[in-house]
Student: 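Structure in structure tokens, see below.
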Protein chains: 2
Amino acid sequence: MSSAADVTPDERPVRISGIDKIERRRIALAESALKTLGELGYARTSLREIANNSEFTHGVVHYYFRDKIDLISYCVRYYKTKCAQRYDEVVESATTADELAVGFLAKMTQTLVDETPMHRLWYDLRAQSMFEEQLRPDVVAIDQLLEAMIWRILSRYAELVGGEVAVDAPTAYALVDGLFEQAVVGYADDPAGVAERLVGRVQRVLPKLIQ
Amino acid sequence: MSSAADVTPDERPVRISGIDKIERRRIALAESALKTLGELGYARTSLREIANNSEFTHGVVHYYFRDKIDLISYCVRYYKTKCAQRYDEVVESATTADELAVGFLAKMTQTLVDETPMHRLWYDLRAQSMFEEQLRPDVVAIDQLLEAMIWRILSRYAELVGGEVAVDAPTAYALVDGLFEQAVVGYADDPAGVAERLVGRVQRVLPKLIQ
DNA sequence: ACCGTCCTTTGACACTCGTCAAGACTTTGT
DNA sequence: ACAAAGTCTTGACGAGTGTCAAAGGACGGT
């Protein structure tokens, strides 16, 4: 990514100035950290392991982040910006209820399969937040983002179908999330058929949430 | 090791307290461990902390359990026997749908409030099982137990109401569990009103699962 | 009484963790 | 080109971890 647009004759990455370079490094570190976190989980991921799985040394991590919580927190916030708008395009482009449902379900299974580690990490972090107070604000914020996302999908679906969502936003989110988490956990145990079962279940539940 | 091969043909006098005492110690240790685990979570709980919060020393823990996973695994299995039959009495004694619903919801909020640490731990362990393979069998077993429990409640409810459950057992479990987990996570953040909101949501969702 | 077995304590081990500091290397301003 | 500022490497520290082994105590059978 981002390799196509170098028109600059100068090869030196010097042009990236101060603040920008710091932010770039932090993002690179965060992405590397997220990869490791997604594979090992929050508890078993150490700063050294993160540095090890990256092109940096463990000292660099501490140069760009105050401490471990600072890094994790940054990772979570970075992740947040990417995850909650996954379905927005589908919602905006769909012109019929069926189109929306199909698009939603397709994206859902796609992210389940393609980004399993990220979802594992999310459920891990949400559980950890019950014990580690410092994680709570970020987790709560993401939860609200996801709830709003589900709500956008459901209310648009209801609109297209000519009805109303029969439950409030937190309830709708909890229900859909319950199904999705079940799929993520099941996917870790045995991936075969999990995605299809998830689709079937959401398909059958979705109409019941509209009246 | 070397426990099975008794060289002495001589019977070990049937010490009633023998095996029984070992099991008793293990249970006592497990209960103490569960208390600590429920408060600190899986990751931040060390064997020394468990021993510290009990009347034993950290050496005893290793005398009765091979290693940490052995202890945790035992704890989880011990916990399992208590958690999945929480609602059985309600299911058996209820003679009307309303009675069942009220009893179920009452027990649900009661366990949410009284045993919060246990539920936190459960969701923590389920998340950890995605990363730690050794935890998976126990987690899967408990999940099935809980699924069966929810199914018993729902199918009895449908029977009393004169209908049928409109979704399959895994779906029903995922939906209810989604609502419950939302409540547990929310309870850790701010307990006020969480139980009431949970009751309201389950009350509104429950009829939609019957047809 | 003594002895062997079970139980428990204590202390040590090898290791990993987060954190930091001293110095080396690189880039930038002038 | 030279010095200052920024960036990175390396190695160390103390604390905490799981694990284990060697003693000490308790208690039964003989």
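Residue numbering restarts at 1 for every chain, and letters A, B, ... go by the order of the sequence lines. What you see is a predicted model, and the numbers here were worked out from it, not measured in a lab. Heavy-atom basis, side chains included; hydrogens, waters and symmetry copies ignored.
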Student: Applying side-chain hydrogen bond (donor to acceptor under 3.5 Å, both in side chains), can you list everything that pairs with B/His119, at least two apart in sequence or on another chain?
Tutor: B/Thr111
Student: In whole angstrom, give the distance that lies between atom CG of A/Asn52 and atom P of C/dG18.
Tutor: 13 Å
Student: With sequence neighbours excluded, tell me which residues meet side-chain hydrogen bond (donor to acceptor under 3.5 Å, both in side chains) with A/Asp168.
Tutor: A/Thr171
Student: Within this structure, what is the NE2-to-P distance between B/His62 and C/dT10, rounded to whole angstrom?
Tutor: 18 Å
Student: Contacts to DNA chain C from residues 33-51 of chain B, heavy-atom cutoff under 4.0 Å, which residues?
Tutor: B/Arg48
Student: Please identify each residue that fulfils side-chain hydrogen bond (donor to acceptor under 3.5 Å, both in side chains) with A/Asp189, with sequence neighbours left out.
Tutor: none
Student: Could you tell me whether the side chain of B/Phe180 reaches within less than 4.5 Å of the side chain of B/Val202, counting heavy atoms only?
Tutor: no
Student: Got a sec, which pairs hit salt bridge (Lys or Arg N to Asp or Glu O under 4.0 Å) with one end in residues 107-123 of chain A, sequence neighbours left out?
Tutor: A/Arg86-A/Glu115
Student: What residues, two or more places apart in sequence or in another chain, satisfy side-chain hydrogen bond (donor to acceptor under 3.5 Å, both in side chains) together with B/Arg152?
Tutor: B/Asp88
Student: Would you list the pairs meeting ring pair (Phe, Tyr, Trp, His ring centres under 6.0 Å) in which at least one residue belongs to residues 39-58 of chain B, sequence neighbours left out?
Tutor: none
Student: Can you list, in residue-number order, the parts of residues 63-79 of chain A that come under 4.0 Å of DNA chain C, counting heavy atoms only?
Tutor: A/Asp67, A/Lys68
Student: Scan for ring pair (Phe, Tyr, Trp, His ring centres under 6.0 Å) pairs involving residues 60-88 of chain A, sequence neighbours excluded, and state none if there are none.
Tutor: A/Phe65-A/Tyr74, A/Tyr87-A/Phe104
Student: Rounded off to whole Å, could you give me the CD1-to-C1' distance for the B/Ile22 and D/dC27 pair?
Tutor: 15 Å
